[in-house]
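Taking it in order: structure first as structure tokens, then the write-up.
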Amino acid sequence: MSAALPADLRGGRGERTFGLLRELRRRPEMVLALVIVGFLLFTALFPGALTDLSPTDVDVAGALQPPSAAHWFGTDDVGRDVFARVIYGTRVTLSIVAGSLAISAVLGGLAGLVAGYFGRWPDMVAARGVDVILSFPPIILGVVITGVLGTGITNLVMALAIVYLPLFFRIARAGAIAEAGRTYVEAARSLGVPEWQILVRHVLRNVLPLILVQYMILFPLALQIEAALGFLGLGIQPPTPDWGAILEQSKNYLLFAPWMSVFPGLFIVLAASGVILLGRSVQRIVDAA
Amino acid sequence: MGGHLLRRLLAAFVTALLSSLAVFLLVRAVPGDIVAQMLGQAGGDPATEQALRGFFGLDRPVWQQYLAWLGQVLQGDLGTSWTQGLPVAGIVGQAFAVTLELGLLTLIVATAIGVPMGLVAGIHEGRLLDNVIQGINILGLAAPVFWIGLMLLIGASALIGWSPPFMYSSPGQDLWQNLQILLLPILSLGLLQAVAYSQFVRQSVVSALQQDYVRTAIAKGLPQRKVFFKHILRNILIPLVTFMGLILVQILGGVVVIESLFALPGLGRLLLTSIQNRDLPVVQGGLLLVVGVALSLNILIDMLYQYLDPRMRR
């Protein structure tokens, strides 16, 4: 019977922890996702804990060595340790993706919220802009923006943020439209609550889960575009370790030194699949709620 | 339906117009135009520079440049390439032919692999086979397309000692060599899109299985095969066809990286090189084509959907 009670009626902290454990045991997918994401977060925060080697120290004499006990992922064309580069690259790559998507989510989400809630001309104008961005395949837009503006972190982040803005806009707009018609909004309005307060306190709160799920859905896609731009030489430039940039360097040594391209790619796959799994689990929870 | 189509066409036209304006402003807003590139580090004397700017029309205000370009485009003239001196329409068209062949073959491969995968997974929902296929799907969604290409190159060379030919040849010149060079690009793009297909088809089958008409069909004792082909497959066919269009748009984007990796002279690589060379007429023409294709595909999907599903016809 107690299982059916809401969590906060179910007694003390200890029991709640057990509840959480039980919950996780029923969701192996989520456990796997949390392990992967946790590992990558740890790697991004404390790369030094995983390797003593430097990601940028050049050692020409030891170039293009295959994986060994000393160099787990081998060395690259100028003798840098590939494992160290991949580990240190985790922070670079993931923070760029996470940061640009966060910018996208805030700007797109707010614009969508306002457009959906108030409608009329701001909605019309924003919708046109969104259509324009969506008329390009994402990667092509990324290539055009970074190609024209030039390489560098700022341009890369801007490109990724622009590419995904419309998708946050749309989801927030749809959510705001749905919420604006609810009775609680009408009730708040009739009580004299100012419009912006309804928007922030009530509508935003209900749209936020949608934006969160969207963020996790888009993360793996944005990661792939970030890597692709790096691979095309339009993203982060060497010697800064970035997964896509490492792959760009590797393509001239594809057959002589396959380890240079295998391992960074595996980390991209690991990160993307971790977030995909996490997104699916969260989506299930949001859907059930 | 005619009015609806007209409205959609008009909206697409406006979007294309705005997109071309955005591209035009973007490519001209940054320092370092083609004249600066031609004159190089040393820089020419101001008179030469001015003459060259005048030649390319870069000395006029941007809005005048845009209107002049737009006027030409509306008459069917995409202008002349600044680096090759050839008509942009020809250059872009030639590149698009390569991309189109790649895209269509990819679509065939993706459909042939992805649809059966999704059907099998959907029918075995929740069982081992479904979980295995879903695992593959997640890995496929997670892997960057160019990395799959790299792995295929390494794998083909390491396992069977085969590498694609270096020189591109069109299907007209040498079909065999053409297919050889397209094989790995098609596979890398195709595997990726197959996964998207498989996800979509699985979901459609799973929700079809929950429908009342399927339950009735099973309950009245129809053989499984008949339920599958007559009820499930027929009903997921319509969304499947529309999903195909979506996949084509995706492929159109995916080709940029794949074409650079495999040195295919397609639209994606053309865009990349002409952006690097600041060959603005080619960039503008190429992007106009990309946007045009993407928008028309969307309209086509919409029309197809209405045509295939009688309930949508009104």
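Every heavy atom of this structure was used, including side-chain atoms; hydrogens, water molecules and symmetry mates were not. Treat the numbers as computed from the prediction; the structure is a model and nothing was measured. The sequence lines fix the lettering, A, B, ..., with proteins before strands; numbering per chain opens at 1.
Here the side chains of Ile268(A) and Trp147(B) are not in contact, with every heavy-atom distance at 4.5 Å or above. Between Gln134(B) and Glu29(A), every side-chain heavy-atom pair lies at or beyond the 4.5 Å cut-off. Residues Val144(A) and Leu271(B) are not in side-chain contact: their nearest non-hydrogen atoms beyond the backbone lie 4.5 Å or more apart.
In terms of heavy-atom proximity, Ile275(B) sits nearest to Gly147(A) at CG2-C, 3.5 Å. Pro144(B) and Val269(A) make their closest contact through CD-CG2, 4.4 Å (heavy atoms, listed as atom of the first residue, atom of the second, distance). Between Val290(B) and Pro137(A), the shortest heavy-atom contact is CG1-CD, 3.5 Å. The heavy-atom pair separating Leu150(B) from Lys251(A) by the smallest distance is CD2-CB, 4.5 Å.
The part of Ala294(B) that comes within reach of chain A is its side chain, from C-beta onward, which places non-hydrogen atoms under 4.5 angstrom from that chain. Heavy atoms closer than 4.5 Å to chain A are found nowhere in Val293(B), neither backbone nor side chain. Residue Pro220(A) does not touch chain B at all, counting heavy-atom pairs closer than 4.5 Å. Contacts of Ile276(A) with chain B are made by side-chain atoms alone, with heavy-atom separations under 4.5 Å and no backbone atom involved. Heavy atoms of Ile225(A) lying under 4.5 Å from chain B are absent altogether. Heavy-atom distances place the side chain of Ile139(A), and not its backbone, under 4.5 Å from chain B. With a 4.5 Å cut-off on non-hydrogen atoms, Leu18(B) touches chain A through its backbone and its side chain both. Heavy atoms of Leu266(A) lying under 4.5 Å from chain B belong to its backbone as well as its side chain. Looking at Thr15(B), the atoms closer than 4.5 Å to chain A (heavy atoms on both sides) sit in the backbone and in the side chain alike. Using a 4.5 Å cut-off between heavy atoms, Leu255(A) contacts chain B through its side chain alone, with no backbone atom that close. Contact of Ile138(B) with chain A is made through backbone and side chain together, with heavy-atom distances under 4.5 Å.
Note on Leu295(B), Ile148(B), Leu287(B): by heavy-atom pairs under 4.5 Å with chain A, the leading option is Leu287(B). Looking only at heavy-atom pairs under 4.5 Å with chain B, the residue among Val262(A), Leu149(A), Leu232(A) that has the most is Val262(A). Of the listed residues (Ala228(A), Gly129(A), Gly265(A)), the greatest number of heavy-atom pairs within a distance under 4.5 Å of chain B belongs to Gly265(A). Top candidate by heavy-atom pairs under 4.5 Å with chain A, chosen from Val145(B), Val14(B), Val291(B), Val27(B), is Val291(B).
Between the CG atom of Leu288(B) and the OG atom of Ser135(A) there is a distance of 10.0 Å, given to the nearest 0.5 Å. Atoms CG and CG, on Leu261(B) and Leu254(A) in that order, are 8.0 Å from each other to the nearest 0.5 Å.
The number of heavy atoms from other shown groups lying within 6.0 Å of CG (Leu183(B)) is above 12. Other residues, nucleotides and ligands contribute at most 12 non-hydrogen atoms within 6.0 Å of the CZ atom of Phe13(B). Counting non-hydrogen atoms of other residues, nucleotides and ligands closer than 6.0 Å to CZ of Arg170(A) gives a total of 12 or fewer.
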